[in-house]
Amino acid sequence: MNITRLVLASNSPRRQEMVRWLALPYRVQAAVVDESSSPVETPWEYVVRLAQRKAEAVQPDARSGELIMAADTIVVDGKDLLGKPESPEAARTMLKRLRGRSHQVYTAVCLIAAETGQVFSDYCVSQVPMREYTDLEIEAYIASGDPFDKAGGYAIQNPQFRPVLNFSQCYACVMGLPLCHLVRLLAQIGPTFQACPPTLCRHHLGYECTFYGKILNSAQIGKTP
């Protein structure tokens, strides 16, 4: 399949940044979809469905040779899905709830080939241990404005807040685009692709991944179907 360009169905500045790391031609066409969850869906079913809905939303405008890429990220704490906080009070409540405990972050990736309509989906789950940050740190972080476009109210990569402690799973998943899973999907489609996800994570995030080889060899790391 001859792919000439990605269509990123997202306005997320983090995902756009990470796509640029891959050195692939791309354009942005953000998708707006209903993000309501169903009580009968598991977290992985929900996040995979949303990623596919986003890709499908921009599919009619895709051009020959383009590959639509959409992703969705959710934060799961127990039985609850934590979205983006809409107010300082909501951000405060989320951050206090997550403090000093572990939760899960699910990110799904969906690719649709414009010419054939073939759909390729995958997802990643990471356990995220939060540190015991103080109330003063929470207030300073809220004042920075950073929590309000982040599921769960935090960014793992924020250099001032540094909310996560002793993290050892997929950092890129928590940021919103698991690179090894994306590469694994691209390999199913067949385009020539030279980028090395662990090298990208080391260079751009300063993070040494320890299990990328298992993921790239199709191991179901973190999956909970």
Side-chain angles (χ1 to χ4, degrees), residues 8-21 28 30-33 35-37 43-44 46-47 50-51 54 70-109 123-179 181 197 200-210 222:
L8 179 58
S10 174
N11 265 333
S12 165
R14 290 164 300 285
R15 290 194 182 112
Q16 292 180 35
E17 176 188 8
M18 296 172 84
V19 168
R20 286 194 293 272
W21 298 348
V28 174
V32 178
V33 300
E35 298 192 7
S36 301
S37 61
W44 72 267
Y46 171 63
V47 75
L50 281 190
K54 290 178 180 180
D72 195 79
T73 300
I74 58 172
V75 171
V76 181
D77 184 37
K79 295 182 179 181
D80 297 328
L81 306 182
L82 304 186
K84 299 172 184 177
E86 297 180 352
S87 66
E89 183 56 41
R92 187 175 298 112
T93 298
M94 286 184 188
L95 291 169
K96 287 185 176 181
R97 172 177 178 160
L98 297 175
R99 175 169 57 189
R101 301 169 50 243
S102 289
H103 61 273
Q104 296 76 44
V105 172
Y106 290 67
T107 295
V109 180
Y123 75 95
C124 179
V125 186
S126 287
Q127 296 284 335
V128 184
M130 303 290 270
R131 67 180 180 87
E132 288 278 3
Y133 40 76
T134 67
D135 287 352
L136 286 176
E137 287 178 298
I138 290 175
E139 295 307 317
Y141 186 50
I142 291 172
S144 75
D146 196 51
F148 300 109
D149 66 340
K150 314 290 192 306
Y154 72 91
I156 188 173
Q157 72 274 20
N158 186 281
Q160 285 77 42
F161 188 43
R162 295 175 293 103
V164 176
L165 182 68
N166 297 326
F167 184 79
S168 62
Q169 298 195 10
C170 182
Y171 197 105
C173 168
V174 184
M175 282 188 67
L177 188 61
L179 297 175
H181 292 72
L200 294 174
C201 286
R202 186 183 308 114
H203 177 72
H204 294 282
L205 304 175
Y207 182 67
E208 291 284 350
C209 180
T210 60

If you look at every heavy atom in [X] and [Y], which pair is closest and at what distance?
X: A71; Y: K54; value: O-NZ, 3.2 Å
X: S126; Y: V174; value: CB-CG2, 3.9 Å
X: A155; Y: D146; value: CB-OD2, 3.5 Å
X: Q16; Y: L8; value: CG-CD2, 3.5 Å
X: A30; Y: N11; value: CB-ND2, 3.3 Å
X: D149; Y: R14; value: O-NH2, 3.3 Å

Q: Just do the side chain to side chain contact (heavy atoms under 4.5 Å, CB included) check on C170 and C124 with the steps written out, would you?
A: CA-CA 8 Å; C170 182; C124 179; 3.7 Å; yes

Are the side chains of [X] and [Y] in touch, meaning some heavy atoms are under 4.5 Å apart?
X: V164; Y: P129; answer: yes
X: I156; Y: Y171; answer: yes
X: L82; Y: L98; answer: yes
X: D77; Y: R101; answer: yes
X: F148; Y: P88; answer: yes
X: L205; Y: M175; answer: yes

Which value, rounded to the nearest 0.5 Å, describes the distance between [X] atom [atom1] and [Y] atom [atom2]?
X: Q169; Y: T210; atom1: CD; atom2: OG1; value: 8.5 Å
X: Q104; Y: C173; atom1: CD; atom2: SG; value: 11.0 Å
X: S37; Y: I74; atom1: OG; atom2: CD1; value: 8.5 Å
X: L50; Y: Y106; atom1: CG; atom2: OH; value: 14.0 Å

Going by the rule salt bridge (Lys or Arg N to Asp or Glu O under 4.0 Å), which residues pair with [X] if we only count those two or more places apart in sequence or in a different chain?
X: E89; result: R92
X: D80; result: R97
X: R162; result: none

Q. Between Y133 and F161, how do the two ring planes meet: parallel, tilted or perpendicular, split at 30° and 60°?
A.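 Y133 and F161: tilted rings.
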
Q: Can you label the angle between the Y207 ring and the F167 ring as parallel, tilted or perpendicular, going by 30° and 60°?
A: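 Ring orientation, 0 to 90° scale: tilted.
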
Q: Determine, step by step, whether W21 and L177 satisfy the side chain to side chain contact (heavy atoms under 4.5 Å, CB included) criterion, reporting the C-alpha distance in whole Å, the side-chain angles of both residues, the deciding distance to 0.1 Å, and the verdict.
A: CA-CA 12 Å; W21 298 348; L177 188 61; over 6 Å; no

Can you list the residues that meet the side chain to side chain contact (heavy atoms under 4.5 Å, CB included) rule with [X], with sequence neighbours excluded?
X: A51; value: D72, A108, C110
X: E208; value: R202
X: K84; value: none

Q: Using a strict cut-off of less than 4.0 Å between a Lys/Arg side-chain nitrogen and an Asp/Glu carboxylate oxygen, indicate whether E137 and R99 qualify as a salt bridge.
A: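 Looking at R99 together with E137, the answer is no, because their closest N to O distance does not fall below 4.0 Å.
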
Q: Give a yes or no answer on whether the side chain of Y46 reaches the backbone of E35 with a donor-acceptor pair at less than 3.5 Å.
A: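 Side chain of Y46 to backbone of E35, a donor-acceptor pair under 3.5 Å: yes, one is there.
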
Q. Quick one: do the T107 and R15 side chains pair a donor with an acceptor below 3.5 Å?
A.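 The answer is no; no qualifying pair exists.
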
